[in-house]
Number of protein chains: 2
Amino acid sequence: MVAVRVLSTVNVNGVRAASTKGLLDWLAGTAADVVCLQEVRARPEELPEAFRATLDEHGWHLRMAPSETAKGRNGVAVLSRAEPEAVRVGFGDPATDLDGRYLEVDLPGGVTVGSLYLPKGLAGTEKQDAKDAFCKTFGDHLRTAFGRCVATGREMVVAGDWNIAPTELDLRNWRGNRKNSGFLPHERAWYAGLLEHGWADLVRDQHPDVDGPYSWWSYRGRAFDNDVGWRIDHLLGTPGVAAAATGAAVERAPSHDRRWSDHAPVTVRLGEPG
Amino acid sequence: MVAVRVLSTVNVNGVRAASTKGLLDWLAGTAADVVCLQEVRARPEELPEAFRATLDEHGWHLRMAPSETAKGRNGVAVLSRAEPEAVRVGFGDPATDLDGRYLEVDLPGGVTVGSLYLPKGLAGTEKQDAKDAFCKTFGDHLRTAFGRCVATGREMVVAGDWNIAPTELDLRNWRGNRKNSGFLPHERAWYAGLLEHGWADLVRDQHPDVDGPYSWWSYRGRAFDNDVGWRIDHLLGTPGVAAAATGAAVERAPSHDRRWSDHAPVTVRLGEPG
DNA sequence: CATGCCAAG
DNA sequence: CTTGTCATG
């Protein structure tokens, strides 16, 4: 039994733009108790008034970690119905803690939720090196956190845009992407290592042996219409969370068939419906 | 008698944006024989397909002088029902000829039309120096051209965004703008000198002793709704043109009450209506 | 093909 | 406040 029933994660690709296109309707209508946001791309004082109003009206608490290093970039947040008991920005990595890529909140009932925006890479460049370095230190954090959860009986979910498609099931054209960042062998191995360590991929566990469900489609071409997507938005959970999971879904067109981001919300249910 | 009957000028503030907002409807509906455009902000190959289609459908010839020095900036053009007999980019000033600020076409029937986008200044800065320098050399060109028209019997109209409000009648808050570029004493003196030389302000001649009609309103605040505008878009004509002028108007909301630029089209009629 | 930044208007 | 650029995704 976990104190949170429904968790969602979505990369909004700019909360200001998304708020004009349907994010607010989605926030008003979702049954989630916790929503992790990525690519907020705004400081607290830059949030649209209508966004703040929607949060107030629907009883959301907002905690955010904007980028302090590049304005209008990155930025993660956690919305929760319950007020967080503790908030941590970053994961103790001086190289990335101020980049708006990770935020962790402790919620009432012994659940910790992390919102992650893992760097995008470009194979063979310094950007890939930075992504790999992030994975290394973040992997250390995840292992430490996992051990602490096991020791204390706490449960934890790390949700966000991982920028990694873990297997051939997780992107439409895997053959053509074997040399592209997001599907590089060492990236998949890193992700697989997390699962071997005990973390559960809550969406894949609910949908084994099927293509997708994808959560990101390029804005270019007709990628969305043709469902040429990638499953790169993941919720990883501790064993207690995994045991409680009873459903997972991607909302391809989240708000009255309108798209308001190049990513779609990914939602996991814990416990029985109702 | 002049071979052109209706001339318009309008600063479109980006032909790509304007084409999505109502410029095309206006072009399809206008009775003008010649339209001078400023701030086209596109190279020929960047023109929207729908813009080109509208020109084709309604029998417009297009001649343009994009900026070769800063992409996405400036750019003037002339649309004419008749095919131009000659086209000249710039006015023989190496400092500005490639900036997309002046284009001159000779039309059948002995009429020359110039489309002008005079630089915007900022009082007390190098930008003002550049504007003043442009005025000096452009003034020389206008005097030379005027003399040639007188000598040959040719008529001429120079239409565009002059970025100068000539008198206290030509902007809403003239007292507060005496130290601002566009209403500086030496700019007004320069403009007055053109009229003394024989050029006619075709719009002011049709509407003497009244405030406005303004042709530009800032996008900031509620300038348009409150008609806090400037008359900075002018058509200057040779005496034969001035004698033929029978009407002038600014189309505040040019296309079904929609605005598609911060400037409005300014139109002059030569000869009797019909 | 979107985002927000920026310089420019 | 809006344009088009640019770097980024």
Side-chain angles (χ1 to χ4, degrees), chain A residues 11-23 37-43 46-48 66-67 69-75 99-101 117-122 125-128 130-131 161 163 180-182 216-225 228 230 232-233 258-263, chain B residues 11-21 23 38-43 46-48 66-67 69-75 99-101 117-122 125-127 130-131 161 163 180-182 216-225 228 230 232-233 259-263:
Chain A
N11 178 320
V12 296
N13 192 23
V15 71
R16 283 171 281 191
S19 291
T20 69
K21 297 196 292 182
L23 168 61
L37 304 177
Q38 299 86 38
E39 282 206 84
V40 171
R41 301 178 70 173
R43 294 186 303 250
E46 295 170 327
L47 294 175
S67 171
T69 55
K71 67 175 299 195
R73 311 289 304 287
N74 309 337
D99 289 350
R101 295 199 171 272
Y117 178 45
L118 201 144
K120 188 174 176 69
L122 182 63
T125 71
E126 284 193 347
K127 289 174 66 68
Q128 188 63 39
K131 180 179 184 179
D161 178 355
N163 268 317
N180 291 139
S181 185
W216 173 80
W217 304 263
S218 171
Y219 274 128
R220 300 170 216 198
R222 271 172 277 288
F224 183 77
D225 293 339
V228 178
W230 294 52
I232 56 178
D233 299 280
R258 272 176 309 160
R259 254 182 120 189
W260 38 261
S261 171
D262 49 348
H263 295 250
Chain B
N11 177 319
V12 295
N13 191 24
V15 72
R16 283 171 280 191
S19 291
T20 68
K21 297 196 291 182
L23 168 62
Q38 300 87 37
E39 281 205 85
V40 171
R41 301 179 71 173
R43 294 186 301 251
E46 295 169 326
L47 294 175
S67 170
T69 55
K71 68 178 296 199
R73 310 288 304 288
N74 309 337
D99 289 349
R101 295 200 171 270
Y117 177 45
L118 200 143
K120 188 176 176 66
L122 183 62
T125 71
E126 284 192 348
K127 291 176 66 67
K131 181 179 183 179
D161 177 355
N163 268 317
N180 291 138
S181 185
W216 173 80
W217 304 262
S218 171
Y219 272 129
R220 302 170 215 198
R222 271 172 275 290
F224 183 77
D225 294 338
V228 178
W230 294 52
I232 56 178
D233 298 280
R259 257 181 117 189
W260 37 261
S261 171
D262 49 348
H263 295 249

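Lettering follows sequence order; numbering is per chain, from 1.
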Rounded distance in Å - CZ (B:R259) to P (D:dT3): 11 Å
For a 4.5 angstrom cut-off between non-hydrogen side-chain atoms, does B:R41 reach B:N13? yes
How close or far is atom C1' of D:dG9 from atom CG of A:N180, stated in whole angstroms? 14 Å
Proximal nucleotide (of C:dG9, D:dT3, D:dG9) relative to the B:R220 side chain: C:dG9
For a quick check of understanding: with a heavy-atom distance under 4.0 Å over all strands, which category does B:Y117 fall into, base, sugar-phosphate or nothing? sugar-phosphate
Nucleotide D:dT3, atom C1' - distance to CG of B:D161 in whole Å: 14 Å
Nearest-Å distance for atom pair CZ/P, residues B:R41 and C:dG9: 9 Å
Indicate yes or no for a side-chain donor-acceptor contact from A:K131 to the backbone of A:S181 under 3.5 Å, with no hydrogens or angles considered. no
Between C:dA2, D:dT5, C:dC5, spot the one nearest the side chain of A:K21, thanks. C:dA2
To the nearest Å, how far apart are A:E39 CD and D:dT8 C1'? 9 Å
B:W216 ring centre to B:K120 NZ or CZ under 6.0 Å, with the angle to the axis within 45°? yes
Which nucleotide in the set C:dC5, D:dT8, D:dT5 lies at the smallest distance from any side-chain heavy atom of A:K71? C:dC5
Of the candidate nucleotides C:dT3, C:dG9, D:dT5, which contains the atom at the shortest distance from the side chain of B:Y219? C:dG9
Working to the nearest 0.5 Å, report the span between CG of B:N74 and CD of B:Q38. 11.0 Å
Mind checking if A:D262 touches a base, just sugar-phosphate, or nothing, with heavy atoms under 4.0 Å? nothing
B:Y219 side chain to B:D262 backbone, donor-acceptor under 3.5 Å: yes
Take the protein atom CH2 of A:W216 and the nucleotide atom P of C:dT3, then report the distance between them rounded to whole Å. 15 Å
Could you state the atom-to-atom distance from NE2 of A:H263 to P of C:dA2 in whole Å? 14 Å
Proximity to the side chain of A:R16 - top-ranked nucleotide from D:dT5, C:dG4, C:dC6: C:dG4
Any side-chain N or O of A:R73 under 4.0 Å from OP1/OP2 of D:dT8? no
Of the candidates D:dT8, C:dG9, C:dA2, the side chain of B:K120 sits closest to C:dG9
CG of B:L47 versus C1' of D:dT3: gap in Å, rounded? 16 Å
